[in-house]
Amino acid sequence: QVQLVETGGGPVQAGDSLKLTCTVSGRTVSGTYMGWFRQVGDQERVCVASIADSRDSTYYGESVKGRFTISRDNNNNALYLHMNDLKPEDTAVYYCAATSRSGLFRNKRAYDYWGRGTQVTVSS
């Protein structure tokens, strides 16, 4: 059974940095395409970053490019999202996701496994 657990969210000030961690069990991150999504209320869940299985190919949404970095820790079987220069518009629930397919997918429907999410709140 694959389980994803996100940690590291919380309230921060604009300009601050935050690191989200997704701890994975039941599947190795080194062989899995994974992503970070965020959702505000009932709005669409949007991909902010994704990473390939064993290569370092990555995708970033335009709104976070240059500020967020997705990375994988094979030793700890974890996925990270380093967020710098946070803005109030980054406020959302952030979800970790994994897919059994091969590809840097942006569409949430391509992902099979999801965590419960962690809230990030950025105040100005």
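Heavy atoms only: backbone and side chains are in, while hydrogens, waters and symmetry mates are out. The structure presented is a predicted model; accordingly, all values stated were derived computationally and were not measured.
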Query raised in the report: Out of curiosity, Ser50 OG to Leu79 CG, how far, rounded to the nearest 0.5 Å?
Result: 10.0 Å

Query raised in the report: Roughly how far, to the nearest 0.5 Å, is CE of Met34 from CG of Leu104?
Result: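 So the CG of Leu104 and the CE of Met34 are separated by 13.0 Å.
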
Query raised in the report: Are Val120 and Val40 in one and the same hydrophobic cluster, where Ile, Leu, Val, Met, Phe, Trp and Tyr link if side-chain heavy atoms are under 4.5 Å apart?
Result: no

**Report entry** Val12 side chain near Met83 side chain, heavy-atom distance below 4.5 Å
**Finding:**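 Of all side-chain heavy-atom pairs linking Met83 with Val12, none is under 4.5 Å.
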
Locate the shortest heavy-atom distance separating [X] from [Y]; write the atom from each residue and the value.
X: Gln39; Y: Gln43; result: NE2-O, 3.0 Å
X: Leu81; Y: Ala49; result: CD1-CB, 4.2 Å
X: Asn74; Y: Ser30; result: OD1-CB, 3.4 Å

Query raised in the report: Which pairs pass disulfide (SG to SG under 2.5 Å) with one or both residues in residues 64-93, sequence neighbours excluded?
Result: none

**Report entry** Within residues 12-58 or reaching into it, pairs that qualify as disulfide (SG to SG under 2.5 Å) - sequence neighbours excluded
**Finding:**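 Residue pairs passing disulfide (SG to SG under 2.5 Å), neighbours aside: Cys22-Cys96.
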
Report task. In sequence, state the C-alpha distance, the side-chain angles, and the governing distance for Glu6 and Leu20, and then conclude on side chain to side chain contact (heavy atoms under 4.5 Å, CB included). Result -> CA-CA 7 Å; Glu6 303 96 337; Leu20 303 183; over 6 Å; no

Requested in this report: Keeping the roles fixed (side chain from Asp73, backbone from Ala78), state whether a donor-acceptor pair exists under 3.5 Å.
Outcome: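 Answer holds: no.
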
Query raised in the report: Is the number of heavy atoms from other residues, nucleotides or ligands within 6.0 Å of CZ (Arg45) greater than 12?
Result: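 Yes, CZ of Arg45 has more than 12 neighbouring heavy atoms, counting only those of other groups under 6.0 Å.
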
Query - Non-neighbouring partners of Asp53 that pass salt bridge (charged side-chain N to carboxylate O under 4.0 Å, His left out), sequence neighbours left out - result: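 Counting only residues at least two positions away or on another chain, Asp53 forms a salt bridge (charged side-chain N to carboxylate O under 4.0 Å, His left out) with Arg55.
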
Query raised in the report: Quick one: side-chain contact (heavy atoms from CB on, under 4.5 Å) partners of Gln13, sequence neighbours excluded?
Result: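 Partners of Gln13 under the side-chain contact (heavy atoms from CB on, under 4.5 Å) test: Asp16, Ser123.
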
**Report entry** Test side-chain contact (heavy atoms from CB on, under 4.5 Å) applied to Pro88 - qualifying residues, sequence neighbours left out
**Finding:**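 In terms of side-chain contact (heavy atoms from CB on, under 4.5 Å), with neighbours along the sequence ignored, Pro88 is linked to Ala14, Val122, Ser124.
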
Query raised in the report: Which ring-ring contact (aromatic ring centres under 6.0 Å, His included) pairs, counting each pair once, include a residue from residues 5-60, with sequence neighbours left out?
Result: Phe37-Tyr111, Phe37-Trp114

**Report entry** Pairs flagged by ring-ring contact (aromatic ring centres under 6.0 Å, His included) wherever residues 68-101 is involved - sequence neighbours left out
**Finding:**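 For residues 68-101, and leaving out neighbouring residues, there are no ring-ring contact (aromatic ring centres under 6.0 Å, His included) pairs at all.
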
Requested in this report: Just grab all the salt bridge (Lys or Arg N to Asp or Glu O under 4.0 Å) pairs involving residues 85-101, residues at least two apart or on different chains.
Outcome: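 For residues 85-101, and leaving out neighbouring residues, the salt bridge (Lys or Arg N to Asp or Glu O under 4.0 Å) pairs sorted by first residue read Arg38-Asp90, Arg67-Asp90, Asp85-Lys87, Arg101-Asp112.
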
Report task. Sequence neighbours left out, what pairs pass side chain to side chain donor-acceptor pair (under 3.5 Å) with at least one residue falling in residues 17-29? Result -> Ser17-Asn84, Arg27-Thr32

All side chain to side chain donor-acceptor pair (under 3.5 Å) counterparts of [X], not counting sequence neighbours:
X: Glu44; answer: Lys108
X: Thr121; answer: Gln119
X: Gln1; answer: none

